[in-house]
Protein chains: 2
Amino acid sequence: MLDRREALDRLLELVVLLDADMTEGLAREGLTVPRAHLLWLLHQNGPAAQRRLADALKVSPRNVTGLVDGLVASGHVARGPHQTDRRVTLVSLTERGASASAEMSRGHEELAELLFGEMTDRRFTAFVAGLNHVLSRLREGLQPAHVGGR
Amino acid sequence: MLDRREALDRLLELVVLLDADMTEGLAREGLTVPRAHLLWLLHQNGPAAQRRLADALKVSPRNVTGLVDGLVASGHVARGPHQTDRRVTLVSLTERGASASAEMSRGHEELAELLFGEMTDRRFTAFVAGLNHVLSRLREGLQPAHVGGR
DNA sequence: TATTGTTATACTCTATAACTATA
DNA sequence: TATAGTTATAGAGTATAACAATA
């Protein structure tokens, strides 16, 4: 049986591969991971004030300015005024941004199918159970520094 | 039973949490993820030419110059000459770099214990089986763009 | 001629601090 | 006085291209 430590290494390898897969796919649409993340929020929740985006992304307002600048330049989003509060800038998807989001959603489905499609229900269920265990452990144990070599 | 798509979302959430956990832990040692990755290679394989590091990290030689500059400034590594080839710069761990690596290794163990420690052998084995399945799928299916919202 | 590492330049993500416009 | 977003400044990671030293 695999060592706990080896299993962690394998899990970290998965993290690296997933990250590379996403980054590469996004690059084809002229997107980066942080920009796609912002796009995704608009896709899910509709137009939003930059401040809200900063909170949701857990990033500084300044940073959102930069991300939105990039997405405006690439034609994925547009800035507009808020109806009642003139301090606020509302960010919304353009048509290109909407189709890129839809494409992301499809890619997501495809990836799920690739990863889990040929898995038996039995194995899938067991895997999800382990995943849940690991996730709850991780959410609880945020205190100590669990450093890893990636 | 959980949907395939939901399982993927949960897996991606795990990726985010693991990344955050690592990044935070490394920051306490004055390290970043890319620098720690470089350190880890030295820890595993001993002193190396920058060119080798660039290949291993899949990054440009120029980038390695920058990473090593930072690690030299923080006292984790030192540059030295190659014995026979005077073009080459050998990078090796300082004492601080070695102890930081050892600390990373301990953190790795702790994390493995946190994530899997209280898991039954049965569930652990099932999880690893699923992990292996997902990993091999991902390694094979590198062609298409599997874009995701992080 | 080929290889190693550097300087030069540029882009992205990130942060804090100071400032403007509005509330 | 407080909030939204900007400009100013800075650091880190990344890339390509041109160049120097060495092989």
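So you know, we letter chains A, B, ... as the sequences are listed, proteins then strands, and number each from 1. This one's a predicted model, so the numbers in the text were calculated from it and none came from an experiment.
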Options [options], nucleotide nearest the side-chain atoms of [X]:
X       : options               : result
A/Pro34 : D/dG13, C/dG5, C/dT14 : C/dT14
A/Thr65 : D/dT6, D/dG5, D/dT16  : D/dT6
A/Ala49 : D/dG5, C/dT6, C/dT22  : D/dG5

| message | Using a distance-only criterion (donor-acceptor N/O pair, under 3.5 Å, no hydrogens), is the base of D/dT3 paired with the side chain of A/Arg87? | response |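 Flag set: donor-acceptor pair detected.
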> Starting at the 5' end of DNA chain C, which residue's closest nucleotide do you reach first, A/Gly66 or A/Arg86?
Replying inline: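 Per heavy-atom nearest nucleotide, the more 5' residue is A/Gly66.
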| said: Let me spell it out: for each of B/Val64 and A/Arg62, pick the nucleotide of DNA chain C with the closest heavy atom. Which residue's pick is nearer the 5' end? | reply: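 Nearer the 5' end of the strand: B/Val64.
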Donor-acceptor pair, distance only, cut-off 3.5 Å: does the side chain of A/Arg96 make one with the backbone of A/Ser74?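 Checking the backbone N and O of A/Ser74 against the side chain of A/Arg96, a donor-acceptor pair under 3.5 Å is found.
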Which of B/Leu135, B/Leu111, B/Leu14 passes side-chain contact (heavy atoms from CB on, under 4.5 Å) with A/Leu11? Answer is B/Leu14
Would you check if A/Asp19 and B/Val15 make a side-chain contact, meaning some heavy-atom pair closer than 4.5 Å? no
With respect to the phosphate group of C/dC13, does any side-chain polar atom (N or O) of A/Asn63 fall under 4.0 Å of OP1 or OP2? no
Inset, instruction - Would you tell me if any nitrogen or oxygen in the side chain of B/Arg35 comes within less than 4.0 Å of OP1 or OP2 on D/dT14? - result: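 No, outside the criterion.
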The side chain to side chain donor-acceptor pair (under 3.5 Å) partners of A/Arg87 (sequence neighbours excluded) come to A/Asp85
